[in-house]
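One-based numbering, in listed order, for ligands and for the atoms of each. The figures that follow rest on heavy atoms only: side chains count, while hydrogens, waters and symmetry mates do not.
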Amino acid sequence: MLVLGLESSCDETAAAIVEGDGLVRSSVVATQHDLHAEYGGVVPEIASRAHVERIQPVVREAIAQAGITPRDLDAVAVANQPGLVGSLLVGVAAAKALAWSLGVPLVGVNHVHAHLDAVRLRHDETVDHADVFPALGLVVSGGHTAIYRVASRTQFERVGSTIDDAMGEAFDKVAQILRLPHPGGPEVDRLASEPDADPGRFRLPVPRLPKRPLDFSFSGLKTAVLYTVRGTPRPAKEGGGFPRELTDVSDIDRRDLAASFQRTAVKAVMLKLGRALDERVPEARALIAGGGVTANSHLRSELARFAHEHDLELKLPKPEFCIDNAAMIASLGADVLESQGADGISLTPTPTTAR
Ligand code: KG4
Ligand code: ZN
């Protein structure tokens with residue numbers, strides 16, 4: 001089965017052709033990072049407009065690279081939730097038009113679930129038949145931070161999520177405080193990996209949320225980094241404002257702060273992951289992780305240590321499939337189509353989801 005996947009939920013316009021078992025025939029991603037960089041975050045209206053301009057060329061390119069014609073397609077899958085509604089709408093409208101005109105089934109896919117299906121994606125014929133379910137799932141990206149109980153390829157139960165910033169968002173905001181380019185996650189990782197970086201130098205808070213023990217919070221950690229750089233804000237009656245400027249920090253302090261932040265953020269994730277394993281998926285066979293932040297070097301080594309310690313198989317996507325892409329949408333779409341059937345032409349975008 002040949003599936004065309006479309007992804008436009010945030011700031012990547014992507015199309016891919018994937019065979020039902022996860023063999024990727026083509027995967028094209030047009031990123032909008034350059035358009036949003038000067039704002040330090042994604043501007044929804046700019047994102048929607050860029051999707052409108054790019055979706056057709058990206059689909060054409062994916063079809064050309066796969067060496068097929070549109071008539072060879074068996075289904076169209078699209079990320080219809082969660083995301084920015086104006087952005088989702090572009091992918092959903094394009095997917096409907098293609099599916100309708102080709103007379104093939106249309107299936108809507110949850111973008112966050114698809115990050116966990118990305119571990120199946122491959123460029124060669126080797127198929128991994130290992131049974132990894134039930135699995136403990138972790139999605140950490142610029143927009144999402146969640147832990148799942150994954151019962152099968154299409155059954156996801158969210159057991160914990162962030163109550164404020166996503167993990168990647170926290171990396172990006174800390175990078176802004178440290179005056180690093182956007183998106184900042186890779187830059188924080190690079191600074192923190194410098195040979196003399198000291199991740200124990202600054203003591204930053206690890207939020208535990210006793211009433212919501214499986215949920216995450218990163219905003220306090222980000223604020224702690226800001227206060228370390230600029231000092232504690234003065235009370236309003238003393239005129240408010242910070243005692244120091246962002247530029248007052250030395251290069252050594254920036255490096256050690258990047259390392260301390262990274263270590264604390266990863267520690268917070270590992271703490272919740274351990275608790276979720278004990279309480280919600282004690283019979284787990286594997287740990288599956290996905291999303292842009294799984295590219296982080298410290299997180300990857302901690303996930304490997306955790307999996308080894310708990311006798312779990314660790315499944316991580318290839319680096320190109322950790323970030324937003326449409327191949328993961330197509331591969332999950334093939335499974336959803338098989339287990340739950342097609343969606344009708346009335347498929348709508350859903351900006352947020354409780355799943
Ligand atoms: O999955 P993704 O492409 O987009 C969303 O679905 O949001 O993830 C992008 C996020 C950005 O916040 C980026 O800074 C972060 O992943 N990221 C990293 C690293 N590489 C990408 N964060 C920490 N360390 C990295 N090496
Ligand atoms: Zn994503």
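Inclusion of Cys10 in the first shell of the Zn ion (ligand 2) is not supported: no N, O or S atom falls under 2.8 Å. Here His111 meets the criterion, with an N, O or S atom under 2.8 Å of the Zn ion (ligand 2).
Within the 6.0 Å centre-distance limit, the rings of Phe261 and Phe171 are counted as a close aromatic pair.
Closest heavy-atom approach to atom 1 (O) of ligand 1 within the set Gly142, Ala295, Ala192, Gly292: this belongs to Gly292. The residue from Asp172, Leu299, Val174 that puts a heavy atom closest to atom 12 (O) of ligand 1 is Asp172. Comparing heavy-atom distances from atom 3 (O) of ligand 1 across Asp11, Asn325, Asp324 singles out Asp324 as nearest.
Using a 4.0 Å heavy-atom cutoff, His111 is listed among the residues neighbouring ligand 1. Residue Cys10 places no heavy atom under 4.0 Å from ligand 1.
With hydrogens and angles ignored, the 3.5 Å screen pairs no side-chain donor or acceptor of Ser331 with any backbone N or O of Gly22. A donor-acceptor pair under 3.5 Å is absent between the side-chain atoms of Arg149 and the main chain of Val281, judged by distance alone.
Heavy atoms of other residues, nucleotides or ligands lying less than 6.0 angstrom from CZ of Arg49 number 12 at most. Within a 6.0 Å radius of CZ in Arg201, more than 12 heavy atoms belonging to other residues, nucleotides or ligands are found.
Of the N or O atoms in Asp189, one or more lie within a sub-3.5 Å distance of an N or O in ligand 1. Annotation: Gly168 places an N or O atom under 3.5 Å from an N or O atom of ligand 1; distance criterion only.
Using cut-offs of 30° and 60° for the angle between ring planes, the His123 and Phe321 rings count as tilted. Between His310 and Phe306, the ring-plane angle classifies as tilted under the 30° and 60° cut-offs.
The side-chain heavy atoms of Val92 and Thr348, taken from C-beta on, include no pair separated by under 4.5 Å.
Nearest N/O/S atom of Asp324 relative to the Zn ion (ligand 2): this is OD1.
Ranking protein heavy atoms by distance to atom 24 (N) of ligand 1, first place goes to Asn296 ND2, 2.9 Å. Protein heavy atom closest to atom 22 (N) of ligand 1, with residue, atom name and distance, is Gly185 CA, 3.4 Å. Closest to atom 15 (C) of ligand 1 among all protein heavy atoms lies Val293 CG2, 3.9 Å.
Side chains of Asn325 and Glu7: a donor-acceptor N/O pair is absent below 3.5 angstrom, by distance only.
Tested against Asn296 for a side-chain contact (heavy atoms from CB on, under 4.5 Å), the candidates Val269, Val266, Val188 yield a single pass: Val266.
Heavy-atom proximity to Ile323, at under 4.0 Å, picks out these atoms of ligand 1: 3 (O). Below 4.0 Å from some heavy atom of His115 lie the following atoms of ligand 1, by number and element: 1 (O), 6 (O). Close approach of ligand 1 to Phe171 (heavy-atom distance below 4.0 Å) involves ligand atoms 23 (C).
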